[in-house]
Amino acid sequence: MQLLQTKPIKWLLLVLAWLFIGIVLVLPVGLVLVQAFASGWHTYLTTISSLVTLQAINLTVTATLISIVFNLVFGVSAAWLIAFYDFPGKRLLNALIDLPFSVSPVIAGLIFILTFGRGGWLAPLFSAIHVQIVFAPPAIFLTTVFVTFPFVAREVIPVLEAKGREEEQTAALLGASFSQILWQITFPAIKAPVAGGLVLATARALGEFGAVAVVSGNIQGKTLTLSLLVQNLYNDFKFNEAFAVATILLGSTILVVLLKQRLLKN
Amino acid sequence: MYIEFKGITKQFQQRQVLNDINFGVKEGSITALLGPSGSGKTTILRILAGLETATKGSVSVAGQVVDELAPQARGIGFGFQNYALFRYLTVYENIAFGLKTQHWPATKIKQRVTELLALTELTALAQHYPQQLSGGQKQRVAFARAIAPHPKVLLLDEPFAALDTQIRRELRSWLKQLIHRVGITSIFVTHDHEEAIETADEIVVINQGAIEQIGAPTTIYNQPTSLFVAQFIGHSSQLLSPNLQGFKLPVRQSFKAYIRPEQVQVFRQNEQPPTTGTLERAFVVNTTFSGAVVSVALKWHGQALMANRSPLQAPLHHGEAVLIFIQQALIFTDGKSELQRNLQPAAAYAL
Amino acid sequence: MQQTSKRLIPGYYFSLVITLLGVSLIVLLPFAALVISGWQVGAQQFWQEATNSRVLASYLVSIKGALVAAIINTGFGLLLAWVLTQYEFPGKWLLDSLLDLPFALPTAVAGIALAYLFSDQGWLGRLVVPLGWKISYTFNGIVIAMIFVTLPFVVREIQPVLEQLDFSVQEAAYTLGGGTSTILRRLVLPEILPALVSGFGLVFARCLGEYGSIVFIAGNQPYHTEITPLLIMFKLEAHDYSGATVLALVMLLFSFTFSFIIHSWQRWLLQRKG
């Protein structure tokens, strides 16, 4: 193929590509690292090991773990249902699973306030049992689950549909139980997409900002995730501290990207 | 009868997929369900397996009505068209799968799998995974896996469809011998008449959801009772009211004659025909050499007729006038068929 | 032919219950709350809330920003996909990996980094000050943030298509004497157009909803640099739930209509391609 392969054109396009990526991608990331250490190692270490930061890490990791578990159980169930059976309303179900992807994070937060917040639908129920949802960790968990909702299902459904049902049907005819089919026949075939979906969900859950900002209430030590802490520090003009906390998120993100590429290779 | 289909009817969204299917299968025999795609043959198989439910009618296996039984409880081994081998299990584990789910004791599983591996000549491949196997090997694994738990019936959906022609031939006779040795009652679905004729003890020809004819391969081949079967099975020339010498033809009535190429003998003018009867004149339109036979396209009284000739005989030329002798023809009048032999005295002559 | 087959594979009810429970709790229930809450606003107030001048200005900022970002990213996405699929060069894997970063990078981190970088004292903002340009805290900043978060969308849509492009068609055209531009226009473009359209649609939709990376860099001035999601946030902070609900419904309606149009367009393109 000889299109646009002459040296000058190739170099021009390459330089343009790198320049673009450099300006909008590499420089911002580089800046985070430089600014994080601008006030020295000591400030950096005190910032990222402060109680507030540790509490934020704790909350962020908890929300992420909850999302992962939910994604795993829900995603595999939904894929199993959609790939292995015919039933009315399948297209609608598919569309509903995808819905959270097409919604602004702010709206994602809003709908949970409208459901569980003051004057919300289920508010009387939860106030009766003295459980606070909105402006408390449960709402953060719920919105994080919402924004990561389709990840595993989206990755697994096409793989299972391409694989077909015959193996599972044969196993069932041979008298296999649900768990025998799941673990011996189906799971080995969907390990990769499940892992891929979980990686994406993890990245999104760790870094979710908009949706969480809406429902969190910004209560220090209680409902502050890492992203919210970055925002608070930045808005208080503690720029270097904000960037220091941002490196935690950046580091985990790069880890996740590498993990994804590792998975894709195998 | 070991398996009995009684009045099976299947409707799917206003469409009649199967219409009043009745037939039986003898114990230990191989039956082929033969028909074009969309004829409903696979649906019959799936209803017997319990993968689908009939709208009306009932199926019994070994005297027991199985309509209400779960597929797993019917004692049926099922082979899908693409074999559906468990791709993350070894050959050994594939075959052992159905035994483990039925909680066979470990020693018995080992004994049975070893026995089946030997039977299907797969012993050396026991620890291989399906993707490392050839098509024929996969088919054998699927067969071994299906019969491992001693099912009453073995069902195979287009068992040879995914194979190359050469392997298909070999596997057919191999499978036939093996099924008879094991003695398991088997039904398989196919759209290939040669496959059905070579492999089955009995053929059920199905078209548009109804049975056209049931019979032994020779009967189906030589004496089709319907136009469909005559056209679908094997190759025949179809002639409209030909003036066949030596046949009892319907008088003052149009009819169709189906003549198989191997029933037409062709002689050059200078050859000695082994018959004292009248020979007919025809012209050679074309000849095609296909190895075992030379297939000759003839023009006879303005109609096209195919004949076979041995490659050992002298070659024919285009446009050459030849003499032909038709040994046998299938005469259809008003939907009734009659297989007739030429009444003229002919010496035993076979190609 | 798969017809009304029985549910032979075990686990139907199990997976059905889990799936329906998940969809109902996480998706249906909250959306029902949104719709009901919108219903309770009443038509007249709904119209007022949805069309007051500050709100209208925010739609305009969001749509304009998304449009500019989508156009830029479609262009550069095409460039990047071309470079990644057609050329061999050192550091190719790095470029490819970097492209995944915006998918994974937390929006707040991107937001503060971009705001800082493009501010008047920032590494890059400083460079354009002499030209009389401002990026952070202006409309330009909004576009920059939108470009950042949606950078991979177009590339990842086009990449597989370009990889599978039938070279023999191009080579045939080349030997038949078509110039490079003719081949690109007549043979390559029709192949990648459906992917280009869907990439454009993805970018535009995502830009409309984006919040985290934009708030830091936008300046957030009513009528000028205030995007609709931010306005929803303000209304929520002021406990104006009905106002927030109205804006959310308008946004949803708009994005559904938009993705429907994009889908139809893409399907039409694919059909024409055959």
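We name chains A, B, ... by the order of the sequence lines, and we start the count at 1 in each one. Treat the numbers as computed from the prediction; the structure is a model and nothing was measured.
Separation of atoms CD1 (A/Ile82) and OG1 (C/Thr19) is listed at 7.0 Å; rounding is to 0.5 Å. Taking CD1 of A/Ile107 as the reference point, atom CE of C/Met233 lies at 13.0 Å (rounded to 0.5 Å). Note: A/Leu142 CG to C/Leu25 CG = 8.5 Å, rounded to the nearest 0.5 Å. Separation of atoms CD1 (C/Ile26) and OG1 (A/Thr148) is listed at 9.0 Å; rounding is to 0.5 Å. To the nearest 0.5 angstrom, C/Leu16 atom CG is 10.0 Å from A/Ser77 atom OG. For the atom pair CD1 (C/Ile36) and CG (A/Leu114), the distance works out to 10.5 Å, reported to the nearest 0.5 Å.
Contact annotation: the side chain of C/Leu94 approaches that of A/Trp18 to within less than 4.5 Å [non-hydrogen atoms, C-beta and beyond]. In this structure the side chain of C/Phe103 never reaches within 4.5 angstrom of the side chain of A/Val256, judged on heavy atoms. By the 4.5 Å heavy-atom criterion applied to side chains, A/Ser102 and C/Phe256 are counted as neighbours. With contacts defined as side-chain heavy-atom distances shorter than 4.5 Å, the pair A/Leu122/C/Leu29 qualifies. Counting heavy atoms from C-beta on, the side chains of A/Val103 and C/Phe31 come closer than 4.5 Å. Two residues are said to be in side-chain contact when any heavy atoms from C-beta on lie closer than 4.5 Å; A/Ile21 and C/Leu99 meet this criterion.
The side-chain contact (heavy atoms from CB on, under 4.5 Å) test with C/Leu105 is passed by exactly one of A/Ile254, A/Leu250, A/Leu249: A/Leu250. Between C/Phe14 and the choices A/Tyr85, A/Phe84, A/Phe178, A/Trp80, the ring-ring contact (aromatic ring centres under 6.0 Å, His included) rule is met once, by A/Phe178.
When all heavy atoms of C/Ile18 and A/Phe74 are compared, the closest pair comes out as O-CD1, 4.1 Å. The two residues A/Ala17 and C/Leu80 come nearest to each other via the heavy atoms CB-CD2, 3.7 Å. Taking every heavy atom of both residues into account, A/Leu25 and C/Leu98 meet most closely at CD1-O, 3.4 Å.
For chain C, the nearby part of A/Val34 is the side chain; its heavy atoms alone come within less than 4.5 Å. Only the backbone of A/Ala176 has a heavy atom closer than 4.5 Å to any heavy atom of chain C. In this structure, chain C has heavy atoms under 4.5 Å from both the backbone and the side chain of A/Leu16.
At least one donor-acceptor pair under 3.5 Å links the side chain of A/Ser104 to the backbone N or O of C/Gly209. Under the 3.5 Å distance criterion, the side-chain polar atoms of A/Lys10 are matched with a main-chain donor or acceptor of C/Glu88. At least one donor-acceptor pair under 3.5 Å links the side chain of C/Arg7 to the backbone N or O of A/Asp86. With C/Tyr12 contributing its side chain and A/Leu81 its backbone, the two residues share no donor-acceptor pair below 3.5 Å.
Using cut-offs of 30° and 60° on the angle between ring planes, the pair C/Phe76 and A/Phe20 is parallel.
Annotation: maximal heavy-atom pairing with chain C below 4.5 Å, among A/Val32, A/Leu110, A/Val73, occurs at A/Leu110.
When the salt bridge (Lys or Arg N to Asp or Glu O under 4.0 Å) test is applied to C/Arg156, the partners found at least two apart in sequence or on another chain are C/Asp96, C/Asp100.
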